[in-house]
Amino acid sequence: MRDGRITNGSGAAVCALVIFANAYSVMSGSDAGSGAWIAHLIAGAAATLLAWCIVSVCEKFPEKSFYEVLSSVCGKWGARFFGGVTALFALVTCVLSLTVFSRFVQITALFRTPQIILPLIIAIISALALRSDMRAVSGAARLLFWFSAAVLAVFVLFGIRWMEFSRLIPAGKELCAFFCGAGEVFLNRFGTVFALFSVYTRMEQGTARKKFFMWSVAGSALSLALISAVTVATLGEQIAGTDFYPVFTAMSVRGVGGFIQHTEILACIAMTLSLFFKTAVCLLFSEDMLCGIFDVTKKEGISLPLALICAAMTQLIYRDLSALRGMVEWTPGAGWVIGVYALLPLVLFALVKKRKGN
């Protein structure tokens, strides 16, 4: 994932698959209850706005990589600070996604398989994929995107008879619950917004690049809100809020005609594919930032150690399933993380506006 420009459609497909990681297992925003879909819309709108701010900054320097954009706007030490913070957050998000998915697979299918096996395989394959040309990997993403879209269609269309749309009406929730839910969604679904710009700056230049990228982020946000709404309408607020893997549970009751019964297997395949792209993009972004921070020009070999560290960290960050759930739900400290993470694009946007004078 290095040399050569990728098509805008392929880049948009990669970004969408990254955002969709674990979309068919854990449902974020449970604090909002039956209004979890509203929390997804709020978080998606915020992520789209922040992505637009960063895109506007990058468009002022169309020939430069994202780290070079940071250097041009913030100076050498500012770029190192921004690059270090965002790279760390990308890696933490990657580790958490790998942990949630590997634990999910161990519980639902591979009971006797050591939990580290799956994240180790995905991390290593993702690191090795970074050695190939970006056009080949992004081309695969463009094909696999349509498979994920088909899974979404199956999830929604073939489960209508199990839905009760009255369950989607929020009741008895304070306004702060929706924003807490939105914060949880933002961290778990859109915490890789910065990492997506390792893909954006490799896309074909021109006005179409911005449109493809923004539609990818906004469309993914709407799709995640749809998945949340379907899950709540199928299971109800109580089950959707207490089941650690409610989307997978809702998917398991669907069938296609009378011959495809285990549609949840399609969800597992879609999650595995999207997690591969999320891991690869997070590793690529972290590699770009670290190489920029330490003035390293030869990048080969950096992604593999990062991948192994991520795989090892999946075994260290939680004690049990209850602790893991606590890591993906809202906590008071998460507000500080969101504040810092949301502030960076606004600072970049303000600085470039001041320097460019438009």
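Remember, predicted model here, so these are calculated numbers, not experimental data. Only this structure's heavy atoms are used, side chains among them; waters, hydrogens and symmetry mates stay out.
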Legend entry - Partner set under salt bridge (Lys or Arg N to Asp or Glu O under 4.0 Å) for E59, not counting sequence neighbours: R209

Legend entry - With sequence neighbours excluded, residues passing side chain to side chain contact (heavy atoms under 4.5 Å, CB included) with I309: M313

Legend entry - With sequence neighbours excluded, residues passing side chain to side chain contact (heavy atoms under 4.5 Å, CB included) with I54: C58, F66, V193, F194, F197, P345

Inset, instruction - State which residues pass salt bridge (Lys or Arg N to Asp or Glu O under 4.0 Å) with R142; sequence neighbours excluded, sorted by chain then number. - result: none

Legend entry - Any residue meeting side-chain hydrogen bond (donor to acceptor under 3.5 Å, both in side chains) with T234, in chain and number order, not counting sequence neighbours: R254

Inset, instruction - Provide the full list of side chain to side chain donor-acceptor pair (under 3.5 Å) pairs with a residue in residues 186-199, sequence neighbours left out, each pair given once. - result: none

Legend entry - I125 side, atom CD1; F276 side, atom CZ - distance, nearest 0.5 Å: 7.5 Å

Legend entry - Joint cluster assignment, M163 & M27, ILVMFWY side-chain distance < 4.5 Å: yes

Inset, instruction - Could you pull out all residues at least two apart from Q115 that satisfy side chain to side chain contact (heavy atoms under 4.5 Å, CB included)? - result: T99, S102, R103, Q106, Q315, Y318

Inset, instruction - Only pairs at least two apart or in different chains count here, so list each ring-ring contact (aromatic ring centres under 6.0 Å, His included) that has a residue in residues 75-97. - result: F89-Y341

Legend entry - For F145, all residues meeting ring pair (Phe, Tyr, Trp, His ring centres under 6.0 Å), sequence neighbours excluded: none

Please output the side-chain donor-acceptor pairs of residues 40-52 that fall under 3.5 Å, not counting sequence neighbours, one pair per line with the distance.
from, atom 1, to, atom 2, distance (Å)
H40, ND1, A36, O, 2.9
T48, OG1, G44, O, 2.7

Inset, instruction - Measure the CG-CZ distance between D288 and R202 for me, rounded to the nearest 0.5 Å. - result: 4.5 Å

Inset, instruction - Can you run down the side chain to side chain donor-acceptor pair (under 3.5 Å) pairs that involve residues 270-283, sequence neighbours left out, and say none if there aren't any? - result: S97-K278

Legend entry - Residues that E204 engages under salt bridge (Lys or Arg N to Asp or Glu O under 4.0 Å), provided they are two or more places apart: none

